Amino acid sequence: MLYHREREIAIAATLAAATLCERVRHSQQEQTMTKADSSPVTVADFGAQALICQALAANFPDDSIVGEEDAHVLQQPESRAILEQVTAQVQVLRPDATQEDVITWINHGNGQISQRYWTLDPIDGTKGFIRGDQYAIALALIEQGEVKLGILGCPAFPGDHQEQGVIFVAVQGQGTEMLSLHSGQSRSLRVKATDNPSQLCLIESLETAHGNRPQQRAIAQALKFGQKTQQMDSQAKYGAIALGQADLYLRIPLPQSQHKKENIWDHAPGAIIVTEAGGKVTDLDGKPFDLTSNIKMENNRGILASNGIIHEQVLAQIRNL
Ligand code: AMP
Ligand code: MG
């Protein structure tokens, strides 16, 4: 099977990162720093990026990784305590790791976009992670601008049999699966294949600043969606669509953030999770994501992920806004 080795190594690395994140979350070591863009970052974001970059560098030394975090801030004298905590968390799984190793591994995630590269958001939805809600360890392999493999590790996502914690995995042409974080049991996923509005449900970000809720809801209302709108942090929203628990994810920029563009690591894994489950993902103008030029999707505007069947109807509503 194509990408078998990439899939196995990426799943194992995501599992290790998920274990670290949950340990940090339960140990109240959620010491938070604020980045230059005012967004929060925790011990777990850095630890998860270190573990995943180490595993990818060891197995695919020629691949670059475009990750969200940067160890520069950890090297400042005032961050010493945090660097020590990050190193201690990484050492639980990699006992020989030094502080220098941890910094080197994190910074391996500052690679360039190229013909073949990985995107990594070690904790997508850091605000959800801190709040005790959903978050995702989000990893994707891109070749020639196309997502070939996508992984979303979601330790707080309700899986089958009342177990909490799943990993969504999709490989191009091979479908989407959901694996239990605990048993490893897997099953394939399909979107809810209906255009019956009474069964349809909108999903949107839990953070009010991350999308234009009035416009998003106006579209669901115009299409007469019968199910209550859900809010969820992180790319777990794409997993919910692949599972058929929601049918439309809209991210319409607010007027004050029109200039803000989406990050590639915030959408590349989610996109393949939905498309391989039979859905469709574009921007708000129906354009595919541009993953070839920049860490920002400069040539795209907002996000539209759907079960596929309703995609054109939604695009028509967006044009009417
Ligand atoms: P979500 O959990 O879906 O709300 O998405 C979290 C992501 O939203 C973060 O990774 C940020 O990159 C991104 N983000 C931060 N501020 C904004 C904003 N004003 N508009 C849209 N997305 C944002
Ligand atoms: Mg993110």
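Treat the numbers as computed from the prediction; the structure is a model and nothing was measured. Numbering of ligands and ligand atoms starts at 1, following listing order.
Atoms of ligand 1 found under 4.0 Å from any heavy atom of Ala209, numbered from 1 in the order shown, are 18 (C), 19 (N), 20 (N). When each atom of ligand 1 is checked for a heavy atom of Asp266 under 4.0 Å away, the hits are 9 (C), 10 (O), 11 (C), 12 (O). The Lys237 neighbourhood of ligand 1 comprises atoms 1 (P), 2 (O), 3 (O), with distances under 4.0 Å to a heavy atom of that residue. Atoms of ligand 1 found under 4.0 Å from any heavy atom of Ser205, numbered from 1 in the order shown, are 1 (P), 3 (O), 4 (O). Proximity to Asp124 (heavy-atom distance under 4.0 Å) selects the following atoms of ligand 1: 10 (O). Counting atoms of ligand 1 from 1 in the listed order, those under 4.0 Å from a heavy atom of Ser234 are 1 (P), 2 (O), 3 (O).
Contacts with ligand 1 closer than 4.0 Å are made by no heavy atom of Leu206, backbone or side chain. Proximity of Asn263 to ligand 1, defined as any heavy-atom pair under 4.0 Å, is confined to the side chain (atoms from C-beta onward). Under 4.0 angstrom from ligand 1, there are no non-hydrogen atoms of Gln235. Within the 4.0 Å heavy-atom criterion, the part of Lys260 lying near ligand 1 is the side chain and not the backbone. Neither the backbone nor the side chain of Lys127 comes within 4.0 Å of ligand 1, counting heavy atoms alone.
Relative ring orientation between His267 and Phe289 is described as perpendicular, the plane-to-plane angle rising above 60° on a 0-90° scale split at 30° and 60°.
Taking the centre and axis of the six-membered ring of Tyr249, the NZ or CZ atom of Lys237 falls inside the cone set by 45° and 6.0 Å.
For the side-chain contact (heavy atoms from CB on, under 4.5 Å) with Phe168, the qualifying choice from Ile272, Leu179, Leu243, Val274 is Leu243, the only one to do so. Remark: of the listed residues Thr14, Leu15, Val166, Leu15 is the sole one forming a side-chain contact (heavy atoms from CB on, under 4.5 Å) with Leu181.
Not a single N or O atom of Glu262, backbone or side chain, sits closer than 3.5 Å to an N or O atom of ligand 1. Inclusion of Glu68 in the set of residues having an N or O under 3.5 Å from an N or O of ligand 1 is not warranted. For the pair His210 and ligand 1, the shortest N or O to N or O distance falls below 3.5 Å.
No donor-acceptor contact under 3.5 angstrom links the side chains of Thr42 and Thr32, judged on distance only. For the residue pair Glu177 / Ser186, a side-chain donor-acceptor distance below 3.5 Å is found, with atom types taken as modelled. Using modelled atom types and a 3.5 Å distance limit, the side chains of Asp37 and Ser39 yield a donor-acceptor pair.
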**OP:** Give the C-alpha distance, both sets of side-chain angles, the deciding distance and a yes or no for salt bridge (charged side-chain N to carboxylate O under 4.0 Å, His left out) between Asp283 and Arg301.
**Re:** CA-CA 6 Å; Asp283 73 358; Arg301 183 177 73 90; over 6 Å; no
**OP:** Could you walk me through whether Gln172 and Glu146 pass the side-chain hydrogen bond (donor to acceptor under 3.5 Å, both in side chains) test, one step at a time?
**Re:** CA-CA 9 Å; Gln172 193 180 52; Glu146 281 185 16; 2.8 Å; yes
Original post:
Can you check side-chain hydrogen bond (donor to acceptor under 3.5 Å, both in side chains) on Asn263 and Lys296, steps first, answer last?
Top reply: CA-CA 5 Å; Asn263 299 313; Lys296 297 279 175 191; 2.7 Å; yes
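Nearest non-hydrogen protein atom to atom 7 (C) of ligand 1 is Arg251 NH2, 3.6 Å.
Between Glu22 and Arg25, at least one side-chain N (NZ, or NE/NH1/NH2) sits under 4.0 Å from a carboxylate O, which counts as a salt bridge.
For the pair Ile82 and Val43, the minimum side-chain heavy-atom distance is below 4.5 Å.
Ile151 and Phe157 fall into different hydrophobic clusters, defined by Ile, Leu, Val, Met, Phe, Trp and Tyr side-chain heavy atoms under 4.5 Å apart, directly or through other members.
Panel detail: the Mg ion (ligand 2) has protein N, O or S atoms under 2.8 Å away, 3 in number.
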